[in-house]
Amino acid sequence: DVQLQASGGGLVQAGGSLRLSCATSGFTFNDYAIGWFRQAPGKEREGVSCIHDFDGMTYYADSVKGRFTISGDNAKNTVYLQMNSLKPEDTADYYCAKGCTVSIGPRGVVITTSYNSWGQGTLVTVSS
């Protein structure tokens, strides 16, 4: 049974940091890219970051590049999202997904996924 559980959210002031964790089980961790997505109230879900652990490639949405860092721990089957210099516009529910696709074009970096078993997510609230 494939499971991905996001955790680590909380309330932080603008400029602060948080580290999110995505614990995975039920599939071979190294065989899949893992993505972080977020959804703010009243907005569509958007891709934040994607890691291809099998080749070490990482990708970031333009809105978080330079502030967020994605990493993976093969021994723990866990992916992390270190978020620094947080802004109020980063406030959202954050989710992780098995599989992510990256396209780079006129709209910048766009991260999507076909994963649809979204769990509860973890809430990040950034106060101004």
Side-chain angles (χ1 to χ4, degrees):
D1 189 22
V2 173
Q3 292 190 1
L4 294 96
Q5 181 62 57
S7 62
L11 173 63
V12 63
Q13 288 188 333
S17 299
L18 283 174
R19 189 177 81 153
L20 305 184
S21 298
C22 173
T24 74
S25 62
F27 62 96
T28 303
F29 184 74
N30 287 346
D31 286 350
Y32 292 90
I34 302 293
W36 280 100
F37 295 79
R38 66 186 182 186
Q39 187 167 21
K43 295 188 176 181
E44 292 188 356
R45 185 176 285 122
E46 65 169 338
V48 173
S49 185
C50 177
I51 183 168
H52 293 173
D53 205 51
F54 39 84
D55 63 8
M57 294 297 294
T58 58
Y59 304 88
Y60 300 93
D62 292 343
S63 58
V64 306
K65 192 171 184 178
R67 300 188 297 121
F68 290 11
T69 303
I70 191 170
S71 62
D73 185 332
N74 292 338
K76 297 182 179 180
N77 290 347
T78 299
V79 172
Y80 303 99
L81 186 68
Q82 177 67 44
M83 306 187 298
N84 298 330
S85 302
L86 282 161
K87 304 175 181 180
E89 51 263 45
D90 294 319
T91 294
D93 281 307
Y94 283 72
Y95 305 83
C96 50
K98 169 176 166 279
C100 44
T101 302
V102 180
S103 61
I104 301 174
R107 291 191 295 157
V109 175
V110 178
I111 298 168
T112 58
T113 183
S114 58
Y115 184 76
N116 60 7
S117 298
W118 300 103
Q120 195 169 357
T122 187
L123 178 61
V124 172
T125 303
V126 185
S127 63
S128 57

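All values below were derived from every heavy atom in this structure, side-chain atoms included, with hydrogens, water molecules and symmetry-related copies excluded.
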On a heavy-atom basis, which atom in Thr113 and which in Ala97 lie closest, and how many Å separate them?
OG1-CB, 4.0 Å
Is it the case that one hydrophobic cluster holds both Val64 and Leu123, taking links as side-chain heavy atoms less than 4.5 Å apart, direct or via other members?
no
When you measure from the side chain of Tyr94 to the backbone of Cys96, do you find a donor-acceptor pair of N or O atoms at a distance under 3.5 Å?
no
Kindly write out the residues that satisfy side-chain contact (heavy atoms from CB on, under 4.5 Å) with Lys76, not counting sequence neighbours, or none if the list is empty.
Asp73, Thr78, Tyr80
Minimum heavy-atom distance between Leu11 and Ser127, given as atom pair plus value
CD1-CB, 4.4 Å
If you take the centroid of each ring, where Trp contributes its six-membered ring, are Trp118 and Phe37 closer together than 6.0 Å?
yes
Heavy-atom check, side chain of Leu4 versus side chain of Phe27, under 4.5 Å
yes
Does Thr91 use its side chain to pair, donor to acceptor, with the backbone of Val126 at less than 3.5 Å?
yes
Distance col, row Ile34:CD1 vs Ser49:OG, nearest 0.5 angstrom, shows 11.5 Å
Is there a continuous path of hydrophobic side-chain contacts, each under 4.5 Å between heavy atoms, that joins Val2 to Phe29?
yes
Looking only at heavy atoms, the pair that brings Ser128 and Ala14 closest together is CA-CB, 4.3 Å
Is any side-chain heavy atom of Ile111 closer than 4.5 Å to one of Val48?
no
Heavy-atom side-chain contact between Tyr60 and Ile70 under 4.5 Å:
yes
Please say whether more than 12 non-hydrogen atoms of neighbouring residues, nucleotides or ligands are located less than 6.0 Å from CD in Gln5.
no
To check you understand the geometry: which heavy-atom pair defines the closest contact between Met83 and Leu20, and what is its length?
CE-CG, 3.8 Å
Salt bridge (charged side-chain N to carboxylate O under 4.0 Å, His left out) partners of residues 87-100, not counting sequence neighbours, each pair once:
Arg38-Asp90, Arg67-Asp90
Tell me the side-chain hydrogen bond (donor to acceptor under 3.5 Å, both in side chains) pairs involving residues 17-34, sequence neighbours left out?
Ser17-Asn84
CD/Gln3 to CG/Asn77 distance, rounded to the nearest 0.5 angstrom?
12.5 Å
Spell out, yes or no, whether Tyr115 and Val110 are grouped together once hydrophobic residues are joined by side-chain heavy atoms under 4.5 Å, including indirect joins.
no
